Amino acid sequence: MASFLRNLVLRPALRPLALPTPAAPAPIVRAFSTSQPQNATLNQVLRGCRKAQRARHAVSPALSAINAPSLKGVCVKVGITKPKKPNSGERKTARVRLSTGKVITAYIPGEGHNIQQHSVVLVRGGRSQDCPGVRYHLVRGALDLGGVGSRMSSRSKYGTKKPKKASVG
């Protein structure tokens with residue numbers, strides 16, 4: 001028996017395979033403070049210290065309410081909106097009655113447009129930052145709203161086809 005144990009120590013090839021060592025534990029993530037976080041006392045809980053976080057409001061509520069990326073609508077009125085304080089100009093907007101029945105204000109992107117009252121348009125989300133109350137964009141080049149005429153860059157955002165190359169001779 002002693003010779004067997006001596007062989008195990010001297011000849012490592014005779015040793016049985018070692019069990020795999022467990023992986024190192026994940027590093028401990030520490031908070032900013034090294035002191036332990038304190039639990040709320042009974043009086044603090046009764047006073048109402050544990051309030052649920054308020055839900056974030058949707059940027060485009062009419063679309064997110066039914067979980068749709070875009071909706072069809074009919075123009076009720078087309079007009080202009082003045083932007084907020086540091087900016088100036090005339091932003092083209094349209095009041096649109098969506099297929100769900102809601103009436104919203106949408107921004108018309110690009111230079112010039114061909115929509116008027118009763119035009120059928122496609123509405124997507126995304127607010128116009130300097131127009132108060134405008135939380136939607138109209139999609140250019142879809143339904144009755146045409147693309148921007150002489151657009152060269154970012155054409156896909158404005159519904160413009162690639163211009164034809166002029167043939168020589």
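These numbers were taken from a predicted model, which means no experiment stands behind them.
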Quiz item: What are the two closest non-hydrogen atoms of L71 and A62, and how far apart are they?
Solution: CD1-O, 4.3 Å
Quiz item: Does T93 have any side-chain hydrogen bond (donor to acceptor under 3.5 Å, both in side chains) partners at least two apart in sequence or in another chain, and if so, which?
Solution: T81
Exercise. State, to 0.1 Å, how close V134 and A106 come at their nearest heavy-atom pair, and which atoms those are.
Key: CG1-C, 4.0 Å
Self-check item: Heavy-atom check, side chain of V103 versus side chain of V96, under 4.5 Å
Solution: no
Quiz item: At their closest point, which heavy atom of G125 faces which heavy atom of L63, and how far apart are they?
Solution: N-CD1, 3.2 Å
Practice problem: Would you confirm whether R95, through its side chain, and R97, through its main-chain N or O, come within 3.5 Å as a donor-acceptor pair? | Solution: no
Self-check item: CA sep, side-chain torsions, deciding dist, call: K77, Q117, side-chain contact (heavy atoms from CB on, under 4.5 Å)
Solution: CA-CA 6 Å; K77 176 182 164 189; Q117 194 174 359; over 6 Å; no
Quiz item: Judged by atom type as modelled, is there a donor-acceptor pair below 3.5 Å linking the side chain of T41 to the main-chain atoms of Q44?
Solution: yes
Exercise. Name all pairs fulfilling the ring pair (Phe, Tyr, Trp, His ring centres under 6.0 Å) condition that reach into residues 59-93, sequence neighbours left out, sorted by first residue then second.
Key: none
Quiz item: To which residues is L42 joined in a hydrophobic cluster, defined by side-chain heavy-atom contacts under 4.5 Å among Ile, Leu, Val, Met, Phe, Trp and Tyr, whether direct or through other members?
Solution: L46
Quiz item: What residue pairs, at least two apart or across chains, pass side chain to side chain donor-acceptor pair (under 3.5 Å) with a residue in residues 56-74?
Solution: none
Quiz prompt | Contact summary for I108 and A94, nearest pair of heavy atoms | solution = CD1-CB, 4.1 Å
Practice problem: Could you give me the CA-CA distance, side-chain angles and deciding distance for L145 and L122, then say whether side-chain contact (heavy atoms from CB on, under 4.5 Å) is met? | Solution: CA-CA 8 Å; L145 179 56; L122 192 65; over 6 Å; no
Exercise. Give me the other members of the hydrophobic cluster that Y158 sits in, counting Ile, Leu, Val, Met, Phe, Trp and Tyr linked by side-chain heavy atoms under 4.5 Å, directly or via other members.
Key: V148
Quiz item: Does anything in residues 129-148 pair up under side chain to side chain donor-acceptor pair (under 3.5 Å), and if so which pairs, sequence neighbours excluded?
Solution: N87-D130, R91-D130
